[in-house]
Amino acid sequence: MKKLTKLILSALFAAIIAVTAITIHIPLPSGNGYLNVSDTFNILAGIVLGPAYGALAAAIGGGLSDILLGFAFYAPGTAIIKALTPVTAYFVFKAFKSHKITGGAVASVLSEIHVPLLYFVYEYFILQYKLSAAGNIPFNFIQAGASAVFSALIISALVKSKLLDKIQKI
């Protein structure tokens, strides 16, 4: 894939990630944050674009959605945490060369494991929520799980339709 194409697709993925989070979100009971399934597209960005461009799209899209939804204090943490998702997804998916559907499922799950844990660390230490940060852990796992399921299903469809191969050859 050419650099300009990757840059354009990165911008598109960043926009999809931000719009998904902004339009389909559920505020957390604590009032600090929200649930969404935009990580679905963070995972796809990593698999389609590779680790660097995927991380760029996820960081921009995730951080932008936090800012636009009034949670700017989460944006720095979100940018870093979400950037790790496509990086992990890419390398796990790549390890399953001949088993892309299985690789997509495993990549989806493994790339989301860090999200709830790192948000806890960010909320505990940076935002100074201390132990009250633990209240968001179950919601963050729900968000991560839903995004992993959705991305695994989309990856499976893209692999079966041979569309993923066509996209990656652009």
Q: Report the residues that fulfil side chain to side chain donor-acceptor pair (under 3.5 Å) with Asp39, sequence neighbours left out, ordered by chain and then residue number.
A: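 Applying side chain to side chain donor-acceptor pair (under 3.5 Å) to Asp39 gives Asn42, Lys82.
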Q: Please determine whether residues Ile137 and Leu117 belong to a single hydrophobic cluster, defined as Ile, Leu, Val, Met, Phe, Trp and Tyr linked transitively by side-chain heavy-atom distances below 4.5 Å.
A: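 Yes, same cluster.
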Q: Enumerate the ring pair (Phe, Tyr, Trp, His ring centres under 6.0 Å) contacts for residues 126-158, please, sequence neighbours excluded, ordered by first and then second residue.
A: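 Output for this query is empty, none listed.
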Q: Could you check whether any side-chain heavy atom of Tyr122 comes within less than 4.5 Å of a side-chain heavy atom of Leu127, counting everything from C-beta outward?
A: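 Yes, close enough: below the 4.5 Å cut-off.
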Q: Please list all pairs meeting salt bridge (charged side-chain N to carboxylate O under 4.0 Å, His left out) that have one or both residues in residues 13-31, counting only residues at least two apart or in different chains.
A: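 Matches after skipping sequence neighbours: none remain.
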Q: Find the distance between CG (Leu64) and CG (Leu69) and round it off to the nearest 0.5 Å.
A: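 These two atoms lie 9.5 Å from each other.
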Q: Among Ile, Leu, Val, Met, Phe, Trp and Tyr joined by side-chain contacts under 4.5 Å, find the other residues sharing a cluster with Leu4 and list them by chain and number.
A: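 In the cluster with Leu4 are Ile8.
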Q: Once rounded to the nearest 0.5 Å, what's the spacing between atom CG of Leu118 and atom CD1 of Ile80?
A: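 Going from the CG atom of Leu118 to the CD1 atom of Ile80 covers 9.5 Å.
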Q: Taking the hydrophobic residues Ile, Leu, Val, Met, Phe, Trp and Tyr, and joining any pair whose side-chain heavy atoms are under 4.5 Å apart, which ones share a cluster with Leu56?
A: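 ILVMFWY cluster around Leu56 also holds Ile60.
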Q: Is there a path from Val48 to Ile154 through hydrophobic residues (I, L, V, M, F, W, Y) whose side chains come within less than 4.5 Å of each other?
A: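 Shared cluster, yes.
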Q: Would you call the rings of Phe73 and Phe71 parallel, tilted or perpendicular if under 30° counts as parallel and over 60° as perpendicular?
A: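 Ring orientation of Phe73 relative to Phe71: perpendicular.
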Q: List the residues meeting side chain to side chain donor-acceptor pair (under 3.5 Å) with Tyr34, not counting sequence neighbours, and say none if there are none.
A: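 For Tyr34 the side chain to side chain donor-acceptor pair (under 3.5 Å) partners, ignoring immediate neighbours, are Ser65, Asp66.
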Q: What distance do Leu49 atom CG and Ile167 atom CD1 have between them, rounded to the nearest 0.5 Å?
A: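 Separation between the atoms: 9.5 Å.
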Q: Could you work out, with side chain to side chain donor-acceptor pair (under 3.5 Å) as the rule, every residue matching Glu112, not counting sequence neighbours?
A: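 Applying side chain to side chain donor-acceptor pair (under 3.5 Å) to Glu112 gives none.
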Q: Go through the steps for Ser132 and Tyr124 under the test side chain to side chain donor-acceptor pair (under 3.5 Å), then give the verdict.
A: CA-CA 8 Å; Ser132 66; Tyr124 188 95; over 6 Å; no
Q: For residues 85-101, dump all side-chain donor-acceptor pairs below 3.5 Å to protein atoms at least two apart in sequence or in another chain.
A:
{"unit_1": "Thr85", "atom_1": "OG1", "unit_2": "His114", "atom_2": "NE2", "d": "3.4"}
{"unit_1": "Thr88", "atom_1": "OG1", "unit_2": "Leu84", "atom_2": "O", "d": "3.0"}
{"unit_1": "Lys100", "atom_1": "NZ", "unit_2": "Asp165", "atom_2": "OD1", "d": "2.7"}

Q: Please report the interatomic distance CD1(Ile81) to OH(Tyr74), rounded to the nearest 0.5 Å.
A: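 Interatomic distance, Ile81 CD1 to Tyr74 OH, rounded to 0.5 Å: 9.5 Å.
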Q: Verify side chain to side chain contact (heavy atoms under 4.5 Å, CB included) between Ile155 and Ile43, making sure each step is shown before the conclusion.
A: CA-CA 9 Å; Ile155 293 165; Ile43 295 164; 4.2 Å; yes
Q: Please go through Val149's hydrophobic cluster and name the other residues, only I, L, V, M, F, W, Y counting, with side-chain heavy atoms under 4.5 Å joining them.
A: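 Under the 4.5 Å side-chain rule, Val149 groups with Leu153.
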Q: Please table the atom pairs, donor to acceptor, closer than 3.5 Å between any side-chain atom in residues 21-29 and protein atoms at least two apart or in another chain.
A:
{"unit_1": "Thr23", "atom_1": "OG1", "unit_2": "Val19", "atom_2": "O", "d": "2.7"}
{"unit_1": "His25", "atom_1": "ND1", "unit_2": "Ala21", "atom_2": "O", "d": "3.3"}
{"unit_1": "His25", "atom_1": "ND1", "unit_2": "Ile22", "atom_2": "O", "d": "2.8"}

Q: Tell me which pairs pass side-chain hydrogen bond (donor to acceptor under 3.5 Å, both in side chains) where either residue lies in residues 146-162, with sequence neighbours left out.
A: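 Non-adjacent pairs meeting side-chain hydrogen bond (donor to acceptor under 3.5 Å, both in side chains): Ser108-Ser151.
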Q: Evaluate Leu44 against Phe13 for side chain to side chain contact (heavy atoms under 4.5 Å, CB included), listing each step before the verdict.
A: CA-CA 9 Å; Leu44 291 170; Phe13 268 105; 3.9 Å; yes
Q: Holding to side chain to side chain donor-acceptor pair (under 3.5 Å), I want the full list of residues that pass it with Ser10, two or more places apart in sequence or in another chain.
A: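 Ser10: no side chain to side chain donor-acceptor pair (under 3.5 Å) contacts found.
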Q: Answer yes or no: are there more than 12 heavy-atom neighbours, outside Lys3 itself, under 6.0 Å from its atom NZ?
A: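 Check fails, neighbour count at 12 or below.
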Q: Could you walk me through whether Thr20 and Val37 pass the side chain to side chain contact (heavy atoms under 4.5 Å, CB included) test, one step at a time?
A: CA-CA 7 Å; Thr20 301; Val37 292; 4.3 Å; yes
Q: Nearest 0.5 Å, what's the CG-NZ distance between Leu158 and Lys166?
A: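 That separation rounds to 11.5 Å.
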Q: As an exercise, state the distance from CD1 of Ile17 to OG1 of Thr40, rounded to the nearest 0.5 Å.
A: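 It is 10.0 Å, given to the nearest 0.5 Å.
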